[in-house]
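Here's the structure we're looking at; comments come further down.
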Amino acid sequence: MDVNKPRLKKDLPQVELPSSVTVKQLANALKVEPVKVIKQLMRKGIMANINQTMDFDTASAIAADFGYNVKTAAEHRVLPTRKEREKKRLSVRSPVVTVMGHVDHGKTSLLDVIRKTNVTAREVGAITQHIGAYQAFVDGRKITFLDTPGHEAFTAMRSRGAQVTDIVILVVAADDGVMPQTVEAINHAKAAKVPIVVAINKIDKPDANPERVKQQLADLGLVVEEWGGDTVCVPISAKREQGISDLLENLFLVADILELKADADRAAEGVVIEAKLDKTKGPLATLLVQRGTLRQGNIVVAGDTWGKIKVMFDDKGNRIHKAEPSTPVEVLGLNEVAKSGDLFMVVLNEHEARSIVEEHKYSRPRPTLSLSTLSSQISDGQIKELPIVLKTDVDGSIEPIKTSLERLGTDRAKARVMHAASGIITESDVLLASASKGIIIGFNTTTSPGAIQLANSEAVSIRQYDVIYKLIEDVDRTLKGMLEPTYTEVLSGRAEVRAVFPSSKLGKIAGVYVTEGKVWRDAQVKILRQNKIVGESRVSSLRRYKEDVAEVSAGLECGLAIEGNVDFQTGDIIESYRKERVE
């Protein structure tokens with residue numbers, strides 16, 4: 001139901017809502033338990049707690065699900081919005097920065113210098129083995145760093161709906177230049193629409209060539225500021241601690257431009273950065289608080305698990321009692337090991353936590369990313385483009401295929417090649433497609449066993465081709481199916497109300513005579529009184545001689561009930577109609 005359209009059913013119960021409303025306030029208005037509202041939001045893919053604020057459109061959709069009419073948002077514009085009131089409570093929060101780049105280009109060494117702790121020495125073979133979340137104080141300001149084993153982890157979290165990063169530091173070695181993993185990291189950051197700050201590392205090496213790196217970045221669409229672009233680029237040497245202050249200064253500058261803010265005076269929400277099972281302590285989870293303040297003793301739901309926070313530690317292992325926005329914290333108290341990338345939120349009590357977890361387990365929508373389902377989603381207006389990960393056998397095939405694909409479609413539905421490279425299809429490709437709700441196209445290449453397994457679990461479509469024109473033809477056909485359809489209402493039947501009967505279960509039942517076409521159960525109908533529409537709804541019950549029937553044709557009598565307890569009157573005309581797609 002489009003709540004922006006004036007589709008009021010006058011005989012349904014009315015509810016008046018402000019421009020924004022919390023889950024608890026909406027539940028009170030609808031006279032239902034808050035858990036039921038939370039479950040309905042989850043069915044729509046929205047994780048929320050009892051204090052979560054919704055805009056008018058979202059609240060209207062939920063109210064409609066519970067059988068209520070809501071006045072249009074335009075009628076409420078004169079009222080002060082909750083968002084306007086909440087703006088006064090927002091305070092500046094610390095930026096969350098993810099360090100990405102090719103292996104051995106100095107990601108962890110850079111973080112080591114910033115933190116002034118020997119992180120690298122603790123890593124096996126000086127390579128990062130797990131996700132680490134660290135908070136540092138720089139010139140009196142906090143900054144949170146996520147040090148990942150690569151872009152795969154970054155994208156795996158995003159594929160589960162968790163947007164955790166404000167800024168990406170792309171580390172490129174001045175002597176090595178742009179490498180395959182550098183290209184992948186750039187594409188993953190671009191797909192997440194996260195600003196990139198480039199750190200050209202190892203400028204102290206004799207064979208360092210920063211200008212070559214800048215040219216390589218420009219070829220990939222990252223034009224540095226000194227060349228007239230908008231990409232911040234800072235030359236550094238993590239080994240000699242050169243340029244680090246300039247890098248940090250630029251990070252804060254980008255953060256200030258982003259105007260990062262959060263409300264610390266609400267129930268906490270955020271994302272699970274990593275989780276593990278400790279043999280002595282039990283399930284441990286590293287959480288990144290994104291909104292609100294997490295406190296010891298809070299009851300938390302995280303994906304398919306929940307628990308009461310018994311103990312909290314900061315990134316240095318110190319015990320703390322609360323964590324504000326942009327703060328990473330390790331917690332003890334969850335019943336099971338959470339999943340990296342799961343969203344978490346604080347709830348009121350154990351009953352609410354159990355209910356939400358059960359609902360999450362059994363009603364969680366499974367992603368379906370085939371060409372047909374993507375076509376359907378774009379037809380519904382959910383997606384405006386087809387993101388494509390392209391893998392070919394040789395580099396020479398990339399440009400002609402990419403150019404041909406991006407010429408397809410119209411302004412309303414286009415193909416976008418978000419990553420293109422030669423080689424086999426890998427797990428990283430699947431994660432990128434999953435996070436971006438796209439597909440993978442392979443040309444004269446193969447798929448690794450791990451990628452096949454991951455694609456099956458993530459429901460990502462992998463399309464293999466050995467003829468270019470067939471590849472282009474398939475995508476073109478898909479894009480044409482993606483165009484948002486236009487529908488017209490076609491009158492299917494007309495019936496006259498000749499008697500009205502009361503019903504304890506159905507409200508009022510209309511005894512009608514079908515004069516034209518046919519009327520069927522679940523049909524969309526309009527009720528006309530003196531040629532004016534007095535209601536719109538759906539046929540909820542259809543009977544002939546006390547027997548339920550599927551449809552009734554012209555020339556026959558029947559009894560019907562309309563969803564929403566319509567106040568029929570003798571002489572009303574009921575028109576049934578169907579919607580047909582206009583090609």
Side-chain angles (χ1 to χ4, degrees), residues 100-105 107 125 127-129 148-160 170 172-173 176-192 216 219-221 340-341 367-371 373-374 386-406 415-475 478:
M100 299 171 68
H102 192 74
V103 64
D104 200 33
H105 274 200
K107 301 188 297 292
I127 296 176
T128 309
Q129 299 296 313
T148 75
H151 48 267
E152 293 91 347
F154 174 86
T155 307
M157 285 190 284
R158 195 164 52 83
S159 71
R160 295 191 183 100
L170 180 70
V172 188
D176 243 0
V178 171
M179 302 295 283
Q181 284 186 334
T182 314
V183 177
E184 291 187 5
I186 291 171
N187 289 328
H188 284 243
K190 283 183 175 179
Q216 291 173 328
D219 294 340
L220 296 170
S340 173
T368 49
L369 302 176
S370 64
L371 283 179
T373 54
L374 282 169
L386 174 61
I388 295 174
V389 175
L390 175 64
K391 297 301 286 285
T392 66
D393 54 344
V394 293
D395 287 340
S397 301
I398 294 175
E399 201 55 39
I401 295 177
K402 181 180 178 181
T403 302
S404 298
L405 287 174
E406 293 184 337
R416 177 170 65 92
V417 179
M418 58 194 309
H419 177 63
S422 60
I424 67 170
I425 296 168
T426 66
E427 294 175 43
S428 177
D429 299 321
V430 176
L431 285 171
L432 181 55
S434 174
S436 306
K437 294 181 172 58
I439 64 167
I440 299 172
I441 290 180
F443 180 73
N444 282 334
T445 188
T446 57
T447 307
S448 71
I452 293 173
Q453 184 177 0
L454 184 60
N456 290 334
S457 66
E458 295 289 325
V460 172
S461 176
I462 300 178
R463 312 277 294 186
Q464 295 276 15
Y465 298 92
D466 54 13
V467 179
I468 290 182
Y469 86 83
K470 178 64 176 172
L471 183 161
I472 304 301
E473 189 179 76
D474 273 9
V475 175
T478 303

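Note that the structure is a prediction, hence the values are computed from the model and not measured.
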V475 and I441, any side-chain heavy atoms less than 4.5 Å apart: yes
If you round to the nearest 0.5 Å, how far is OG of S436 from CG of L386? 11.0 Å
If I take atom CG from residue L390 and atom NZ from residue K402, how far apart are they, to the nearest 0.5 angstrom? 9.0 Å
Do other residues, nucleotides or ligands put more than 12 heavy atoms under 6.0 Å from the CD atom of E473? yes
So does V430 get a backbone contact from the side chain of S434, meaning a donor-acceptor N/O pair under 3.5 Å? no
Exercise: identify the closest heavy-atom pair between V178 and Q216: N-OE1, 2.8 Å
Is T392 reaching over with its side chain to a backbone N or O of V394, donor-acceptor style, under 3.5 angstrom? yes
Please test S448 against E427 for side chain to side chain donor-acceptor pair (under 3.5 Å), starting from the C-alpha separation and ending with a verdict. CA-CA 8 Å; S448 71; E427 294 175 43; 5.3 Å; no
How far apart are the closest heavy atoms of S422 and K391, and which atoms are they? O-CE, 3.9 Å
Can you list the steps and then say if D393 with T445 is a side chain to side chain donor-acceptor pair (under 3.5 Å)? CA-CA 5 Å; D393 54 344; T445 188; over 6 Å; no
For D466, which residues count as a side-chain contact (heavy atoms from CB on, under 4.5 Å) partner, sequence neighbours excluded? N444
Contact summary for G101 and L170, nearest pair of heavy atoms: CA-CD1, 4.2 Å
Where do V417 and E406 come nearest, in terms of heavy atoms and distance? N-OE2, 3.3 Å
Going by atom types only, do Q464 and T447 share a side-chain donor-acceptor pair under 3.5 Å? yes
Checking D474 side chain against L471 main chain: does a donor-acceptor pair fall under 3.5 Å? no
In short, M179 meets D176 closest at the heavy-atom pair SD-O, 3.9 Å
For the residue pair A433 and V460, what are the closest heavy atoms and their distance? CB-CG1, 3.8 Å
